[in-house]
Amino acid sequence: MKRILVTGGVGFIGSHTCYSLLENNFNLCVIDSLVNSNIKSLEKIKYIFKKKKIDISAKLEFLKGDLKDKIFLDGVFKNAEQQKKPFDGVIHFAGLKAVAESVAKPFLYWENNVIGSFNLINSMEKYDCKTIVFSSSATVYGASTKRVLNEVSKINPINPYGSTKIAIENLLNDISMSLKKEWKIAILRYFNPIGAHNSGLLGENPLQKPNNIFPIIINSAFENKTMKVFGDDWPTHDGTCIRDYIHVEDLAEGHVKALKHLFQNKSQNITLNIGTGKGISVLELIKTFQEINSVKVPYVIEKRREGDVCKLIADNSKAKNILNWSPQKSLNEMCQDGWQWKCLNPNGY
Ligand code: WQD
């Protein structure tokens with residue numbers, strides 16, 4: 001069984017991907033600083049498997065630490081080597097990810113996301129672990145008037161979050177060019193991951209006030225609290241921004257398929273859009289959430305949010321073809337699973 005180092009594996013996307021990796025018989029070592037995640041997500045993963053009479057405790061190791069701490073990071077790889085349990089690959093989630101917050105705190109984002117990633121990739125090179133799936137973002141495309149975006153669409157991040165993601169992509173691309181016979185790299189550009197695990201036991205659990213829309217919609221419905229819709233004067237059919245919302249379980253599956261693809265093929269460097277190819281406006285998302293869950297989401301129209309772009313929709317054909325992956329879950333299921341998570345876990349983990 002292959003052993004995978006998962007950075008940021010306690011978080012929203014990370015925990016759902018760890019679940020899928022374990023279902024696919026990988027052994028995991030999760031490292032996470034817990035700055036924006038709750039360790040209970042890993043306990044819940046163990047519980048879900050236990051309910052299926054499967055004990056995965058020997059396959060799911062956790063180490064608390066920060067990628068900015070080079071001594072911690074080197075120790076993780078050195079111990080793996082000394083225990084004769086080297087890592088066969090890395091899935092790299094760890095990073096701050098709020099667009100609005102990155103506009104306010106660029107230093108924090110560059111240090112955390114870029115320096116942390118540099119340290120990780122440096123350690124991988126040093127310990128001869130050269131297979132990585134990297135969690136990038138559609139935010140690297142910036143403002144685009146194109147209907148859908150493919151992987152060669154213009155790169156033009158308009159917020160520090162997106163700038164850090166393309167900086168890390170550029171580092172990986174440079175490494176692939178210079179050491180092209182060795183590294184296997186899959187860069188996954190997420191669009192807008194929402195929803196929760198269908199068990200109702202894993203979900204998005206922001207420790208601070210959320211910036212992204214889906215937990216805000218959920219909290220607005222749960223607490224009958226008026227949320228803000230940032231702008232209804234965008235050039236779209238209903239004046240609100242359009243995004244490509246994808247179920248977090250479909251996104252997790254995309255990571256597992258990307259990792260398997262790298263293991264099954266020679267050294268390469270691929271960049272893939274992971275989205276559904278369907279654009280949904282803010283008001284359409286709110287309407288769907290209300291209807292499918294029979295709840296009310298009170299909202300008020302406010303002015304546009306700094307750093308926002310009008311439309312981000314994925315052309316996901318490359319991922320479909322290369323990974324034999326395709327998103328399975330509907331917007332209704334995203335809304336149902338997200339609401340179920342909140343109702344079963346009103347205070348999160
Ligand atoms: C979506 C839309 C807002 C909050 C996302 C993820 C981020 C990263 C990049 C993966 C926008 C509107 C929001 C609110 C609103 N993902 N909105 N009221 O900015 O597309 O960024 O992609 O790497 O983690 O968040 O997502 O959810 O912040 O905003 O009207 O209270 O919802 O204006 O149009 P965004 P978002």
Side-chain angles (χ1 to χ4, degrees), residues 8 11-14 16-17 36-37 92-104 109 112-113 117 134-144 149 157-166 168-169 187-195 204 206 208-221 223 225-236 238-248 250-252 254-255 272-276 279-289 297-314 334 338:
F12 176 40
I13 318 294
H16 286 77
T17 304
N36 196 20
S37 55
H92 176 31
F93 293 104
L96 299 174
K97 60 160 192 160
V99 168
E101 183 188 47
S102 78
V103 174
Y109 271 67
N112 196 78
N113 292 1
S117 299
F134 171 56
S135 153
S136 188
S137 169
T139 314
V140 303
Y141 293 117
S144 166
L149 292 158
I158 61 166
N159 53 64
Y161 169 70
S163 300
T164 64
K165 287 296 186 181
I166 200 64
I168 302 158
E169 286 194 21
I187 294 169
L188 305 187
R189 289 177 180 161
Y190 305 169
F191 281 68
N192 288 63
I194 64 170
E204 189 165 9
Q208 285 93 23
K209 182 173 169 295
N211 288 286
N212 52 322
I213 191 163
F214 197 65
I216 288 169
I217 286 176
I218 289 174
N219 290 340
S220 170
E223 297 161 15
K225 194 167 63 176
T226 301
M227 67 169 281
K228 294 173 182 170
V229 170
F230 293 131
D232 66 349
D233 56 349
W234 294 90
T236 63
D238 64 9
T240 63
C241 290
I242 291 178
R243 292 291 184 273
D244 183 329
Y245 297 99
I246 180 168
H247 198 294
V248 61
D250 281 330
L251 179 58
H255 286 78
L272 301 170
N273 282 345
I274 302 292
T276 64
I280 299 291
S281 75
V282 172
L283 290 181
E284 284 168 337
L285 177 61
I286 290 172
K287 183 169 180 287
T288 304
F289 190 90
V297 176
Y299 66 85
V300 64
I301 304 289
E302 292 276 340
K303 66 181 182 14
R304 296 181 180 189
R305 176 178 71 175
E306 195 180 346
D308 270 339
V309 297
C310 177
K311 195 185 291 184
L312 281 172
I313 304 171
M334 297 177 214

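Both backbone and side-chain heavy atoms feed into the values below; hydrogens, waters and symmetry mates do not. First listed ligand is number 1; within each ligand, the first listed atom is number 1.
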- prompt: Who passes ring-ring contact (aromatic ring centres under 6.0 Å, His included) against His255, sequence neighbours left out?
  reply: Phe93, Tyr190

message: Donor-acceptor check, side chain of Ser220 to backbone of Pro298, threshold 3.5 angstrom: yes or no?
response: yes

message: Distance under 4.0 Å, heavy atoms only, partner ligand 1: which residues pass?
response: Lys97, Val99, Ser137, Thr139, Tyr161, Phe191, Asn192, Asn211, Asn212, Ile213, Ile216, Met227, Lys228, Val229, Phe230, Cys241, Arg243, Tyr245, Val282, Arg305, Asp308

query: If you measure only the distance, is there a donor-acceptor pair under 3.5 Å linking the side chains of Tyr161 and Glu101?
result: no

message: Run the side-chain hydrogen bond (donor to acceptor under 3.5 Å, both in side chains) test against Gln208 and tell me which residues pass, sequence neighbours left out.
response: none

field: Pairing residues for Thr139 by the side-chain hydrogen bond (donor to acceptor under 3.5 Å, both in side chains) criterion, not counting sequence neighbours
entry: Ser137

task: Take atom CZ of Phe230 as the centre, draw a 6.0 Å sphere, and report whether it contains more than 12 heavy atoms from other residues, nucleotides or ligands.
output: yes

